[in-house]
Structure formats: C-alpha cells, structure tokens
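Below is one structure, written out as structure tokens, with a few remarks after it.
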Amino acid sequence: MEVLQSLADGFGSAMTPTNLMFAAIGVLLGTAVGVLPGLGTSLSIALLLPLTYALEPTSALIMFAGIYYGGAYGGSTTSILLNTPGESSTVVTAIEGNLMAKNGRASQALATAAIGSFIAGTIGSVLLVALATPIASLAVSLGAPEYFAVMILAFVSVTAVLGASRVRGFASLGIGLMLGMVGLDPQSGQQRLTFGTPQLVDGLDIILVAVAVFAIGEALWVASRFKRGTQSPIPVGQPWLSKKDWSRSWKPWLRGSFLGFPFGAIPAGGAEIPTFLSYVAERKLSKHPEEFGKGAIEGVAGPEAANNSSAAGSITSMLTLGLPTSATTAVILAAFTSYGIQPGPQLMESQADLVWALIASLFIANTLLLLINLPLAPMWAKLLRVPRQYLYAGIVFFAVLGTYSVNAQAIDIVFLVLIGALGFVMRKYGVPVLPLIVGVILGPRAELQLRRSLQISDGDVWTLVSSPLTICIYLILALIIAWPLVRRLTKRGRNKGDDTDNRDKPSGTPDMTRENRAVAASTAPAPASAYEPGQPHNQGAP
C-alpha cells in the first residue's frame with residue numbers, strides 16, 4: 001500500500017500542466033530524433049542538457065523520460081518504412097517490418113509497433129514499481145561469466161536463424177566482430193586495426209556502422225536496380241490492425257515485454273540483446289514460420305515490445321544502483337548529478353518525491369506516445385508514395401547529417417561511405433547484415449566480460465561454466481548448433497526406411513509418395529509411338 005500511495009503522489013506531481021507539457025515535448029522530440037537516422041536519444045538528451053539547467057529537476061527529468069520512450073519507438077518508423085534503423089535497438093525491426101511495408105502493410109507494421117511499445121512500456125513501468133529492488137539485486141549477483149554466456153547466445157542464435165547459409169551468417173558475424181575490435185585494446189592499450197588513423201582510436205561508433213550498412217547500403221542497392229520511367233508506388237494498405245493481426249500480435253507483445261525488462265536492468269545488457277532474442281523466439285514459436293523472411297507481423301511485435309520494455313529496465317538500474325545500462329541512461333545520470341542528485345540505493349528515501357514523479361511520468365509518456373503516434377501511422381506510411389530517387393536522396397542526406405553530428409569529424413563521412421559500400425556488396429551476394437551489427441554491438445562487450453572472467457579466475461577457463469545459468473545457456477547453444485544436423489540425419493534415416501518399405505512391396509503395389517512418383521516418371525519406358533521407326537527401343541528416355 002505504501003508503494004501505491006507513493007505512486008499516487010507521483011502522479012499528482014507529474015500531471016501538473018507544466019510537467020504534462022514537458023512530457024509531451026519530450027515524446028515529440030524523442031520520436032523525431034528516433035526517426036532521423038543517426039540522431040539517437042542519447043545525443044538529443046545531451047544536446048538539450050545545457051538548456052534544462054533553468055528548469056526544475058522534476059520537469060527536466062520528466063522531459064528526458066519522454067525523449068527516451070519516444071526515441072525507443074521513433075527508431076522503428078524508418079526501420080519499417082525505409083529499412084534504415086534510427087536506433088541500434090531497432091535494427092531487428094527492420095527485418096520483417098520493411099518487408100511488411102513492401103507488401104503493402106506499412107500501416108499495420110507501424111500500428112503493431114506503436115501498440116506493442118505502449119503495452120511493453122506499461123508492463124515495464126509496472127515491473128519497475130513492483131520489482132525494482134529484486135531486479136537490481138539479481139543484476140548485481142550476476143558475474144562476468146554469465147554476461148559472456150548471454151552474449152555468445154545472442155551471437156549464435158541470431159546468426160543461426162538468418163539467411164540461407166550458416167557459412168554466410170558466421171562470415172557476417174566475423175566481419176562485425178572485426179569492426180568491433182577497431183580501437184584501443186581495453187587491457188594493454190595497444191591500437192588495433194586503426195592503420196595509424198587517430199580518429200579510429202576510440203573505435204567505430206555503432207550508429208555510424210548501422211546507418212552505413214542499412215541507409216547507405218540500401219540507397220546503393222536501390223540505385224543499382226533503379227530503372228528510369230514511371231514506378232508504381234508501394235501500396236500503403238488499410239490503416240488499422242485486423243482481427244487476425246491482433247491475434248498474432250498479442251502474445252509476442254507480452255513475451256517481448258517480459259523478455260526486455262530484465263535485460264534492460266542488467267548492466268551491459270541494453271536493448272539489443274532482448275530484441276535479437278525476441279526475434280529468434282518468435283520465429284521458433286510462430287504458427288506461421290513460413291512468413292518469416294517475407295514480412296511476419298510477429299517479427300515486428302516481439303522485438304518492438306522488448307525494445308520499449310528494456311527502456312524501463314534500464315531506468316530501474318539507474319535509479320536503484322546509480323548504474324547506467326545504456327548510453328541514454330548514462331546521459332540522464334549526468335543530468336541527475338548536474339542537479340546534485342546521486343542515484344543509488346538511498347535515492348528512494350532521500351528524493352522520494354522526484355523518483356515517484358519520474359516513475360509516474362513514464363506511464364504518462366507511454367500513453368502520450370500511443371495517442372500521438374497511432375493516428376499518425378497512415379501518415380508515416382505515405383512516405384512510401386514519395387518517388388524512390390527523392391526518398392533515398394533524403395535518406396542519404398539525413399544519414400550523412402546524423403553521422404557527422406555524432407563526432408563532428410569529416411572522416412566519419414569517409415567511413416560511412418566505405419562501410420555502406422560493404423553493406424551493398426553483402427546485400428548483392430546474399431550475406432545477412434544483422435549478424436554484422438550484432439558483432440559490432442556486442443563484440444567489445446563480450447571481449448570485456450571474457451577478460452574479466454579470466455582475470456578473476458587467474459586464467460581458469462572452467463570459470464566460464466561454473467554456474468547453473470552458464471551451463472544452461474551453453475546447453476541451449478549446443479542444441480541450436482546440433483539441431484540442423486540431427487534433423488538432417490533423422491530425415492535421411494526416414495528416407496532410407498521409405499526405400500526399404502518400397503523394396504518389400506509386391507510389384508503390383510502402387511507407391512503414392514511424391515519422390516517415387518517422380519522416379520517412376522523419369523525411368524518408365526516411353527510408349528512405342530514415341531520412338532522413330534527402325535530405332536532401338538532402349539529402356540528409358542527415347
């Protein structure tokens with residue numbers, strides 16, 4: 001009851017006209033910067049940070065919370081419509097969402113993303129109220145081996161289910177891990193793969209890589225296939241979800257919500273891992289697996305829910321531990337310290353009014369997000385009616401602008417073009433790009449956790465499987481890797497059994513299997529009329 005009373009007091013503070021105005025401003029700004037490639041929520045909050053010093057701490061933090069939730073949703077818009085993720089956490093949304101758009105279901109994809117974001121954000125906020133302390137305690141109890149095992153699970157599971165060839169998938173992952181290694185070695189301080197370029201000492205920014213591979217690569221791909229003349233616009237489709245869409249989306253919404261929150265609360269977790277795992281889970285659990293790779297709505301609903309739910313989890317760790325688990329919460333943490341407030345275990349007691357107002361604002365921002373963006377879904381979808389040459393010219397412009405604004409370095413534009421050309425080549429030869437993004441994002445984190453594990457254990461590799469959680473994860477990995485081989489061997493054994501049964505049948509017994517009908521058709525003697533007079537009647541084709 002005390003928690004509910006505190007939350008009610010928080011709503012009383014957050015729902016004043018002034019704070020409601022700042023929440024609405026935050027949601028609109030967050031959605032806008034999420035839509036523009038490269039302009040992430042962390043960058044927008046950092047740019048606005050100096051402008052908020054004149055505001056009350058509660059109003060400023062409520063606006064930042066609105067930006068966070070708005071950005072978490074806004075990045076899905078360009079992912080779905082243009083195959084250009086505005087945020088690294090919406091990379092997975094582009095897989096099925098863009099295919100839905102090309103199939104004339106852009107409005108449905110945007111609607112399921114908006115509703116999923118609302119449901120997941122609400123569930124995440126409720127979990128934040130109820131489970132903040134237990135989740136934070138769990139996050140502290142996990143060690144480096146557990147983090148490393150989870151990241152390896154993300155590597156293998158995502159790479160194993162994408163593309164027609166596992167070899168190409170793992171090749172893409174290897175390229176991503178290589179790009180993730182660019183910069184300083186975290187232990188020795190030696191430069192790796194910098195080629196003497198000072199601007200590469202800090203590594204390649206993930207936003208640069210994601211925008212290059214998706215935005216520039218997509219623009220080059222469209223340009224290479226562009227034919228002059230009149231092009232029929234992609235149909236937008238009906239603006240609302242059908243009954244079938246609702247029935248296929250609600251379970252992924254719930255699964256993604258409960259998957260994203262704990263990963264958001266875990267340090268070094270972030271929104272990338274749960275969105276990747278949510279996509280894999282929905283692909284395995286879907287009753288329509290044949291639609292994956294063609295525009296499955298579950299592939300949008302689950303990852304988008306995991307994305308927004310992880311935002312609430314990230315705020316949990318920041319408030320209860322003072323530990324930011326994402327770039328955006330790191331900037332919000334800087335905002336706290338600028339006001340002389342130190343997040344941590346004592347914050348709930350020392351600044352209870354501010355904390356509960358911030359938590360209440362998450363519910364408000366989430367509701368505003370739905371009310372503002374759901375009616376706009378058909379309008380956003382009409383972007384697809386813009387002629388391709390103008391549309392992708394605008395994408396390239398904003399991609400270059402967003403990339404340059406991250407570090408204000410001209411050489412980033414060169415890296416953007418080079419990595420974009422790599423994305424174009426991968427697209428041309430059927431190499432999936434998502435494992436590359438996974439490698440760039442999680443590769444440095446996995447290396448850090450591996451080194452921590454080995455340092456703590458004095459080089460003992462068995463520490464990587466020293467807990468029940470890590471053992472379970474590696475067993476799941478073994479199953480993922482071995483399952484195709486087991487399935488192939490089982491299918492081969494079944495085919496041999498069919499051949500044995502066919503040999504045991506009497507000669508007059510017909511066999512109705514498709515394979516044997518094809519064999520019979522190819523080896524049956526042709527009728528006499530098919531042969532030319534005087535030619536030998538060979539058994540088989542004439």
Margin query: Is any side-chain heavy atom of L277 closer than 4.5 Å to one of P274?
Written below: no
Next item on the list: Please assess I115 against L370 for the test side chain to side chain contact (heavy atoms under 4.5 Å, CB included), listing each intermediate value before the final yes or no.
Entry: CA-CA 7 Å; I115 298 172; L370 181 69; 4.2 Å; yes
Notebook entry, point to check: Between E96 and G293, is there a donor-acceptor pair closer than 3.5 Å when you use the side chain of the first and the backbone of the second?
Noted result: yes
Note to self: Tell me if the CE atom of M21 is crowded by more than 12 foreign heavy atoms within 6.0 Å.
What the structure shows: yes
Note to self: Quick check against the 3.5 Å criterion: does S79 have a side-chain atom that pairs as donor or acceptor with the backbone of T93?
What the structure shows: no
Notebook entry, point to check: Within a strict 4.5 Å, meaning less than it, do heavy atoms of the L479 and L475 side chains meet?
Noted result: no
Next item on the list: Report the residues that fulfil ring pair (Phe, Tyr, Trp, His ring centres under 6.0 Å) with W246, sequence neighbours left out, ordered by chain and then residue number.
Entry: W253
Note to self: Can a donor-acceptor pair be found, under 3.5 Å and without considering hydrogens, that links the side chain of S310 to the backbone of N307?
What the structure shows: yes
Next item on the list: Compare all side-chain heavy atoms of L241 with those of I297 and state whether any distance is below 4.5 angstrom.
Entry: yes
Next item on the list: Check whether any side-chain heavy atom of R105 lies under 4.5 Å from a side-chain heavy atom of D245, and answer yes or no.
Entry: yes
Item checked: Test log, rule side chain to side chain contact (heavy atoms under 4.5 Å, CB included), inputs I62 and I364 -> CA-CA 10 Å; I62 285 174; I364 296 172; over 6 Å; no
Next item on the list: Identify the two heavy atoms, one from V300 and one from A109, that lie closest to each other, and give their separation to 0.1 Å.
Entry: CG1-O, 3.8 Å
Next item on the list: Give a yes or no on whether the backbone of G260 and the side-chain of S309 come within a donor-acceptor separation of less than 3.5 Å.
Entry: no
Item checked: Least distance between heavy atoms, E304 atom then S117 atom -> OE1-OG, 3.5 Å
Margin query: Which heavy atom of A149 sits nearest to which heavy atom of I473, and what is that distance?
Written below: O-CG2, 3.4 Å
Please set out all donor-acceptor pairs under 3.5 angstrom arising from side-chain atoms of residues 354-363, sequence neighbours excluded.
residue	atom	partner	partner atom	Å
S361	OG	L358	O	2.5

Margin query: Give me the atom names and distance for the closest heavy-atom approach of N308 to G121.
Written below: CB-N, 4.3 Å
Next item on the list: Check whether any side-chain N or O of S249 sits under 3.5 Å from a backbone N or O of T112 as a donor-acceptor pair, and report yes or no.
Entry: no
Margin query: side chain to side chain contact (heavy atoms under 4.5 Å, CB included), that's the test. Do L369 and F118 meet it? Break it down for me.
Written below: CA-CA 7 Å; L369 190 66; F118 170 74; over 6 Å; no
Notebook entry, point to check: E282 and salt bridge (charged side-chain N to carboxylate O under 4.0 Å, His left out): which partner among R255, K251, R248?
Noted result: R255
Notebook entry, point to check: At what distance, to the nearest 0.5 angstrom, does OG1 of T58 lie from CZ of F22?
Noted result: 11.5 Å
Item checked: Nearest heavy atoms of A120 and A305, plus distance in Å -> CB-O, 3.0 Å
Item checked: Interatomic distance, F11 atom CZ to S6 atom OG [nearest 0.5 angstrom] -> 12.5 Å
Note to self: Holding to ring pair (Phe, Tyr, Trp, His ring centres under 6.0 Å), I want the full list of residues that pass it with F292, two or more places apart in sequence or in another chain.
What the structure shows: Y279
Item checked: Partner residues of R451 under the side chain to side chain contact (heavy atoms under 4.5 Å, CB included) criterion, sequence neighbours left out -> D185, P186, Q187, R192, E447
Notebook entry, point to check: In chain order, what residues pass the side chain to side chain contact (heavy atoms under 4.5 Å, CB included) check against L450, with sequence neighbours excluded?
Noted result: F148, L454, L464
Next item on the list: Using a 4.5 Å cut-off on heavy atoms from C-beta on, say whether the side chain of M426 contacts that of L422.
Entry: yes
Next item on the list: Could you tell me whether the side chains of N366 and T122 share a donor-acceptor contact shorter than 3.5 Å?
Entry: yes
Checklist line | Heavy-atom side-chain proximity of F64 to L61 below 4.5 angstrom | finding: yes
Next item on the list: Would you check if there is a donor-acceptor pair between the side chains of N19 and T16 at a distance under 3.5 Å?
Entry: yes
Note to self: Quick one: does any side-chain atom of S172 pair with a main-chain N or O of L436 as donor and acceptor, under 3.5 Å?
What the structure shows: yes
Check: When rounded to the nearest 0.5 angstrom, what is the spacing between CG in L128 and CG in L7?
Finding: 9.5 Å
Check: Should I80 and M100 count as side-chain neighbours, where that means a heavy-atom distance under 4.5 Å?
Finding: no
Next item on the list: Could you name each residue pair satisfying side-chain hydrogen bond (donor to acceptor under 3.5 Å, both in side chains) that touches residues 467-476, not counting sequence neighbours?
Entry: E146-S467, S467-T470
Next item on the list: Indicate yes or no: at least one non-hydrogen side-chain atom of V213 is less than 4.5 angstrom from one of I419.
Entry: yes
Notebook entry, point to check: About how many Å separate CG of L204 and CZ of F415, when rounded to the nearest 0.5 Å?
Noted result: 6.5 Å
Next item on the list: Starting from the C-alpha separation in whole Å, work towards a yes-or-no answer on side chain to side chain contact (heavy atoms under 4.5 Å, CB included) for I119 and W250.
Entry: CA-CA 9 Å; I119 293 174; W250 72 271; over 6 Å; no
Item checked: Heavy-atom pair with the smallest gap, counting every atom of P435 and L173 -> O-CD1, 3.6 Å
